[in-house]
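The structure appears right after this line, and notes come after that.
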Amino acid sequence: MASIMEKLGIEHIPDSMRHGSTAYQFTLWFAGNLTVADYALGPILYALGLPIPWLILALVLGNIIGGLLVGLLAAMGPAYGYPQIMISRAAYGRVGNLPFAVANWVSTLGWFSVNAIIGGYIINYVDPRIPLYAAILITVATQFIIALFGYDIIHRSEYVLSIILGVMFAVSLALALTKPHLLTTYARTASFNPFNFAIALATVFSYIMSWGPYASDYSRYLPENTSRSKIIVYAALGGVLASLWSEVVGFAVSVATGNTSGLPTVLVQFMGNYGVAYAIIAVIALFLGALAANVLNIYTNSLSAGNIQQGEEVAGPSGRRARWCRDGHARWIKLRGLLRGFPTIPRLLDNALDWYTTGDVLCK
């Protein structure tokens, strides 16, 4: 197990450890954007009521600009050999970079919490006998295991998830487009409003570009002589296609159902109208989508935590233990926040959270 666990954290990746293919940049950002959060943007676009041509323009333009930004930042990974938040130290220094590291840590913490709750909510929705807090624990445990092993396992997992999610979202889109007459009805009532167009463009752009502070975290092991243009194209293309796909599915489901809530259960109920098998596909797709995104959130969260601590950890076994510690602390702190509101949690578990987050376990 130790042999496949990543040994480095925020320190520079030496030439002897450089490896990988630019193709994995496509699959990682493709899987990472086939998510519930991206899907939920579709109903927002539907509610804005823009004409189809203007809606397409906002979708394409926002995603391409945001995707190119992620690609450009990903291209910095092989050149610097550092995580994204560490690269900015070159411009701002350790102290000047600290606010950005803290902001990125808080941001990844927030996104992790959102996706963990969504994953738990899906499990609880399928089987209400499983308490929500237990469902969240199941979700977090799955994500924790993948992220804990680090860079290589994350890329391999996202590669597999990109295939599974691609097929499942294709099925979702095909079903959502079975009622083209409803799209005609929408087109009749749509009207252009420059303010709504600006909102649509900003909404689409802001989501995909929010991956920017993560970008080189997942390209820094590539050989230094790797083609920068290939990294930009693969990373941008994966993110843009997946983001467009998810948002179109969300929009199409809203057109078909008239529901603009963006709740994941709407997709499950809609696909369930075509049979139980399709409802199961929707549930699996939503759960795996949260998994694909959250593995990236927690891994980058741990790297941001290392940057906040100032200085680089030591490579080798001690470096591996340090990243294990940061990952573990990050997860338990998030679980504490997520689960405090459920009075049915045994006091023993709560005490365990307190004990672990004091730093007395693994971190001495």
Side-chain angles (χ1 to χ4, degrees), residues 25-26 29-75 111 162 165-166 169-215 229 231-264 266-267 270 289 293:
Q25 294 300 304
F26 175 88
W29 295 116
F30 186 77
N33 281 283
L34 286 176
T35 64
V36 179
D38 230 346
Y39 159 84
L41 298 185
I44 295 176
L45 299 174
Y46 173 81
L48 291 173
L50 290 169
I52 298 299
W54 288 100
L55 186 62
I56 293 174
L57 179 61
L59 278 167
V60 173
L61 190 60
N63 275 304
I64 288 179
I65 296 174
L68 283 174
L69 177 61
V70 174
L72 287 167
L73 291 172
W111 279 114
S162 70
L165 288 171
F169 269 82
V171 173
S172 301
L173 181 59
L175 293 179
L177 295 178
T178 56
K179 300 180 179 180
H181 64 283
L182 295 177
L183 186 61
T184 303
T185 302
Y186 167 85
R188 290 198 191 105
T189 59
S191 61
F192 177 74
N193 181 304
F195 181 72
N196 286 351
F197 176 77
I199 292 176
L201 182 62
T203 299
V204 172
F205 167 76
S206 62
Y207 178 80
I208 190 169
M209 65 79 61
S210 67
W211 290 111
Y214 300 54
S229 59
I231 296 175
I232 294 170
V233 169
Y234 279 117
L237 191 61
V240 170
L241 289 179
S243 188
L244 269 171
W245 197 340
S246 301
E247 289 154 9
V248 169
V249 169
F251 174 81
V253 170
S254 292
V255 170
T257 63
N259 190 311
T260 59
S261 67
L263 291 173
V266 175
L267 178 63
F270 169 74

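Not measured: the values here are computed from a predicted model.
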Any chance you could measure Leu50, atom CG, to Leu57, atom CG, to the nearest 0.5 Å? 10.0 Å
With a 4.5 Å limit on heavy-atom distance, are the side chains of Leu69 and Ile65 in contact? no
Partners passing side chain to side chain donor-acceptor pair (under 3.5 Å) against Tyr207 (at least two apart in sequence or in another chain): Thr35
Atom CH2 of Trp29 and atom CG of Leu237: how far apart are they, to the nearest 0.5 Å? 14.0 Å
Ring centroid separation for Tyr39 and Phe169, is it under 6.0 angstrom? no
Would the number of heavy atoms belonging to other residues, nucleotides or ligands and lying under 6.0 Å from CZ of Phe26 be above 12? yes
Write down the atom of Asn33, the atom of Gly239, and the distance for their closest heavy-atom approach. ND2-CA, 3.6 Å
Looking only at heavy atoms, what is the nearest atom pair of Leu45 and Tyr186, with distance? O-OH, 4.2 Å
About how many Å separate OG of Ser172 and CG of Leu267, when rounded to the nearest 0.5 Å? 5.0 Å
Measure the shortest side-chain to side-chain distance between Asn63 and Glu247 over non-hydrogen atoms and say whether it is less than 4.5 angstrom. yes
Taking every non-hydrogen atom, the tightest pair across Ala176 and Ala252: CB-CB, 3.5 Å
Do the side chains of Ile199 and Asn196 get nearer than 4.5 Å, heavy atoms only? yes
Could you tell me whether Trp111 atom CH2 has more than 12 heavy atoms of other residues or ligands within 6.0 Å of it? no
What's the shortest heavy-atom distance between Ala256 and Phe270, and which atoms? CB-CE1, 3.6 Å
Nearest heavy atoms of Gly62 and Ile208, plus distance in Å: O-CG2, 4.1 Å
Pairwise side-chain contact, Phe251 with Leu55, heavy-atom cut-off 4.5 Å (strictly under): yes
CG of Leu201 to CG of Leu48: how many Å apart, nearest 0.5 Å? 11.5 Å
Would Leu241 and Trp245 count as a side chain to side chain contact (heavy atoms under 4.5 Å, CB included) if you check the C-alpha gap in whole Å, the side-chain angles of each, and the deciding distance to 0.1 Å? CA-CA 6 Å; Leu241 289 179; Trp245 197 340; 5.8 Å; no
Using distance alone, with no hydrogens and no angle criterion, decide if Ser243 and Asp38 have a side-chain donor and acceptor under 3.5 Å apart. yes
What class does the angle between the rings of Phe197 and Phe192 fall in, given that below 30° is parallel, 30 to 60° is tilted and above 60° is perpendicular? tilted
For Ala75 versus Ile232, what's the shortest heavy-atom pair and its separation? CB-CG1, 3.8 Å
